[in-house]
Asks: 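I am attaching a structure below and will ask some questions about it afterwards.
Computed from a predicted model, the values in this text were never measured in an experiment.
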Amino acid sequence: MRKEGRCDIVLLDYMGAFKTTRGQGNMQEWQKVVDDCSRFVMFSGKYKVPVCTMAQGTKEMLEPGVTLTRRHLMGGAQFYHKAQTVVLSTRETCVEPFTDNHKRIIAEIGEQSPTMVSAIDKQNSGPKGKMVQYFNGRFFQITDKPWWD
């Protein structure tokens, strides 16, 4: 798919759900995650495609005005707390129709806003960041500029 231009990124939904391989049989949980990560790094290099993982966040991260940090990761995603960098993304539920500059409705009341806020939470004392991007659910595409313009 990469060679055909049909794959830009590999997105894994929750690494903690992987089954243990034979070689990981006597490893502790954190060692299995490190082993899985190294396999994905090798895969990424071989096929020249970025690999990212996902984890579920708490309901608190959906509240307006909350400062997103890795403490918003829930349950089994605790091993991500030790990651060097974590990107947390959220979208608010529309309380009024979301329209473009031409008054076309992009999202109805109760739907998720196409505006996505991503916060970068780093483990060290380096600068953290926050960015606004735009999500087109029809194509599962994230852009830096509004896709409806």
Side-chain angles (χ1 to χ4, degrees), residues 1-24 27 29-59 61-62 64 66-70 72-94 96-124 126-149:
M1 289 177 69
R2 181 72 172 161
K3 288 179 184 176
E4 297 168 4
R6 298 187 308 137
C7 178
D8 293 327
I9 190 168
V10 173
L11 188 59
L12 304 167
D13 187 8
Y14 190 54
M15 273 188 50
F18 291 139
K19 290 185 178 179
T20 304
T21 66
R22 282 191 187 139
Q24 294 173 334
M27 292 182 183
E29 190 61 33
W30 68 271
Q31 291 171 314
K32 293 174 190 174
V33 172
V34 169
D35 186 57
D36 288 337
C37 285
S38 67
R39 290 170 189 261
F40 291 121
V41 167
M42 289 186 289
F43 174 88
S44 177
K46 181 177 179 180
Y47 294 101
K48 297 182 179 23
V49 60
V51 177
C52 297
T53 66
M54 296 175 61
Q56 188 172 359
T58 63
K59 290 182 181 179
M61 71 185 292
L62 299 176
V66 71
T67 301
L68 297 174
T69 66
R70 65 185 71 218
H72 291 101
L73 298 173
M74 71 184 288
Q78 291 176 346
F79 54 82
Y80 286 110
H81 288 231
K82 295 182 175 156
Q84 179 62 32
T85 304
V86 174
V87 178
L88 299 116
S89 298
T90 188
R91 294 167 41 213
E92 293 184 2
T93 301
C94 293
E96 57 185 54
F98 189 100
T99 59
D100 65 10
N101 293 333
H102 305 288
K103 304 294 183 204
R104 292 178 294 198
I105 295 176
I106 304 299
E108 300 279 356
I109 295 172
E111 293 181 340
Q112 295 289 300
S113 168
T115 303
M116 184 174 86
V117 176
S118 295
I120 293 88
D121 185 46
K122 294 178 65 181
Q123 191 179 61
N124 61 22
K128 297 179 181 184
K130 184 173 161 181
M131 64 188 142
V132 175
Q133 293 180 302
Y134 304 92
F135 181 76
N136 184 346
R138 182 173 177 208
F139 300 105
F140 200 83
Q141 182 180 46
I142 298 167
T143 59
D144 291 329
K145 296 180 181 178
W147 50 267
W148 54 86
D149 284 343

Asks: Can you check whether T115's main-chain N or O pairs, donor with acceptor, with R91's side chain at less than 3.5 Å?
Replies: no

Asks: Quiz question: by atom type and distance under 3.5 Å, do the side chains of E111 and T93 form a donor-acceptor pair?
Replies: no

Asks: Any non-hydrogen side-chain atom of M27 less than 4.5 Å from a side-chain atom of T20?
Replies: no

Asks: Can you tell me if E4 uses its side chain to pair, donor with acceptor, with the backbone of M1 under 3.5 Å?
Replies: no

Asks: Are W147 and F139 close enough that their ring centers fall under 6.0 Å?
Replies: no

Asks: May I ask you to test the P97-I109 pair for a side-chain heavy-atom distance under 4.5 Å?
Replies: yes

Asks: Quick one: do K32 and D36 make a salt bridge, cutoff under 4.0 Å?
Replies: no

Asks: On a heavy-atom basis, which atom in D121 and which in L88 lie closest, and how many Å separate them?
Replies: CB-CD1, 4.1 Å

Asks: I9 versus V51: any side-chain heavy-atom pair under 4.5 Å?
Replies: no

Asks: State, yes or no, whether a side-chain contact exists between T90 and M116 at a heavy-atom distance under 4.5 Å.
Replies: no

Asks: Tell me, do R39 and D35 make a side-chain contact under 4.5 Å, heavy atoms counted?
Replies: yes

Asks: Is the shortest side-chain heavy-atom distance between F140 and L11 below 4.5 Å?
Replies: yes

Asks: Output the distance between atom CG (D100) and atom NZ (K103), rounded to the nearest 0.5 Å.
Replies: 9.0 Å

Asks: Taking all heavy atoms of A107 and all of Q112, pick out the closest pair and write down the distance.
Replies: CB-O, 3.8 Å

Asks: Measure the shortest side-chain to side-chain distance between Q133 and S118 over non-hydrogen atoms and say whether it is less than 4.5 angstrom.
Replies: yes

Asks: Please round to the nearest 0.5 Å and tell me the distance separating atom OH of Y134 and atom OG1 of T143.
Replies: 8.0 Å

Asks: As a quick check of understanding, evaluate side-chain contact (heavy atoms from CB on, under 4.5 Å) for V49 and F43, giving each step before the final call.
Replies: CA-CA 8 Å; V49 60; F43 174 88; 3.9 Å; yes

Asks: Is any side-chain heavy atom of I120 closer than 4.5 Å to a side-chain heavy atom of M131?
Replies: yes

Asks: Distance from S113 atom OG to F135 atom CZ, nearest 0.5 Å?
Replies: 11.0 Å

